[in-house]
Amino acid sequence: MDNNIERTGLIERVIGIILDVLPILCAFIIVALAGKAYSEGYGLFVQKGMDDIGSAHSEMVTLTEEDASSAMKVGGILEDLDLISSRYAFAIKAKLSGYDDAILPGTYVLSSDMTMEEMLEKLSVDPQAAPSGEEDDEETPADSDSGTKEENRDVWGRG
């Protein structure tokens, strides 16, 4: 009988410890997930490139038909090349700004100081369409760093 009483006491102590630790563990998980959610939301709605202009790097990105069919796949490629911080934010940004079905296959040069909106604009223009440079003049404001970017865009990317 004493063994049963000792076992019951031990089980009660273990359950008590678990019940004491469980709320603390849940709080840590909630804080970690909230931080991740904030980071994703910040990257989605703030018009900012991953790197500053002086420390940015450029990459040549080639998208196949299969890659271009999914903003999530394109985001994964860009994330792997350290051009963006989150493929999920990129896919959501593409959906919200209407570029999710507009991404075209081809080879593009993208920079880590470009915003996701600028990348989406560039990825939605056929790189083969302007061999004479006619469309290059139209893309210059979005691609240049001369400060002509629209600063007052709403959360959907419209100015």
Side-chain angles (χ1 to χ4, degrees), residues 1-125 142-143 145 147 149-159:
M1 285 261 258
D2 287 337
N3 277 342
N4 286 338
I5 293 173
E6 287 178 23
R7 254 189 254 144
T8 304
L10 180 63
I11 292 172
E12 287 176 357
R13 281 190 295 239
V14 169
I15 290 174
I17 291 171
I18 290 172
L19 291 176
D20 288 341
V21 171
L22 191 62
I24 296 169
L25 183 62
C26 288
F28 279 117
I29 292 171
I30 289 170
V31 168
L33 292 176
K36 179 71 173 162
Y38 174 81
S39 178
E40 292 290 330
Y42 183 84
L44 178 63
F45 293 113
V46 173
Q47 297 289 328
K48 183 180 174 203
M50 188 165 150
D51 293 327
D52 293 330
I53 294 171
S55 63
H57 68 281
S58 295
E59 297 285 342
M60 187 173 291
V61 180
T62 301
L63 301 177
T64 63
E65 289 275 342
E66 183 182 342
D67 294 335
S69 68
S70 167
M72 184 67 81
K73 286 182 184 178
V74 174
I77 293 168
L78 299 178
E79 185 180 34
D80 291 343
L81 294 171
D82 290 328
L83 293 172
I84 60 172
S85 59
S86 171
R87 69 185 70 199
Y88 304 109
F90 184 83
I92 293 169
K93 182 70 166 182
K95 183 71 170 173
L96 293 176
S97 53
Y99 286 107
D100 57 332
D101 294 329
I103 298 172
L104 300 171
T107 300
Y108 303 89
V109 176
L110 302 174
S111 176
S112 61
D113 66 342
M114 295 172 75
T115 65
M116 285 189 275
E117 185 83 20
E118 291 171 332
M119 288 183 192
L120 285 163
E121 287 173 9
K122 194 164 192 175
L123 294 172
S124 66
V125 176
D143 295 339
D145 295 320
K149 298 179 202 170
E150 291 183 33
E151 295 294 328
N152 295 322
R153 293 186 179 195
D154 65 6
V155 296
W156 307 111
R158 294 173 284 197

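For the atom pair NZ of Lys95 and CG of Asp101, the computed distance is 6.5 Å after rounding to the nearest 0.5 Å. Atoms OG and CG, from Ser69 and Asp100 in turn, are 11.5 Å apart once rounded to the nearest 0.5 Å. Rounded to the nearest 0.5 Å, atoms CD1 (Ile84) and CG (Leu110) are 10.0 Å apart. Atoms CD1 and OG1, on Ile77 and Thr62 in that order, are 9.0 Å from each other to the nearest 0.5 Å. Atom-to-atom distance recorded for Ile103:CD1 and Ser124:OG is 8.0 Å, nearest 0.5 angstrom.
A side chain to side chain contact (heavy atoms under 4.5 Å, CB included) with Leu78 holds for exactly one of Met119, Met114, Met116; it is Met119. For the pairing with Phe28, the side chain to side chain contact (heavy atoms under 4.5 Å, CB included) check across Ile30, Ile24, Val31 returns one residue only, Ile24.
With a 4.5 Å cut-off on side-chain heavy atoms, Val125 and Tyr108 do not count as touching. Put simply, the side chain of Leu10 reaches to within 4.5 Å of the side chain of Arg13, judged on heavy atoms. Side-chain contact between Leu120 and Ser97: present, with at least one pair of heavy atoms (C-beta onward) separated by less than 4.5 Å. Counting heavy atoms from C-beta on, the side chains of Val61 and Leu123 never come closer than 4.5 Å. At least one side-chain heavy atom of Glu117 sits under 4.5 Å from a side-chain heavy atom of Tyr99. Looking at Pro105 and Thr64, their side chains never come closer than 4.5 Å, going by heavy atoms from C-beta outward. Looking at heavy atoms from C-beta onward, His57 lies in side-chain contact with Asp82 at the 4.5 angstrom threshold. Using a 4.5 Å heavy-atom threshold, the side chains of Phe90 and Val74 count as touching.
Checking side-chain atoms of Lys93 against main-chain N and O of Tyr88 turns up no donor-acceptor pair under 3.5 Å.
Here Asp67 does not pair with Lys73 in a salt bridge; the nearest charged N to carboxylate O distance is not below 4.0 Å.
The minimum heavy-atom distance linking Ala71 with Ala91 is given by the pair CB-CA, 4.0 Å. The two residues Glu118 and Asp113 come nearest to each other via the heavy atoms OE1-O, 4.4 Å. Annotation for Ser112 and Leu83: closest pair N-CD2, 3.6 Å, computed over non-hydrogen atoms.
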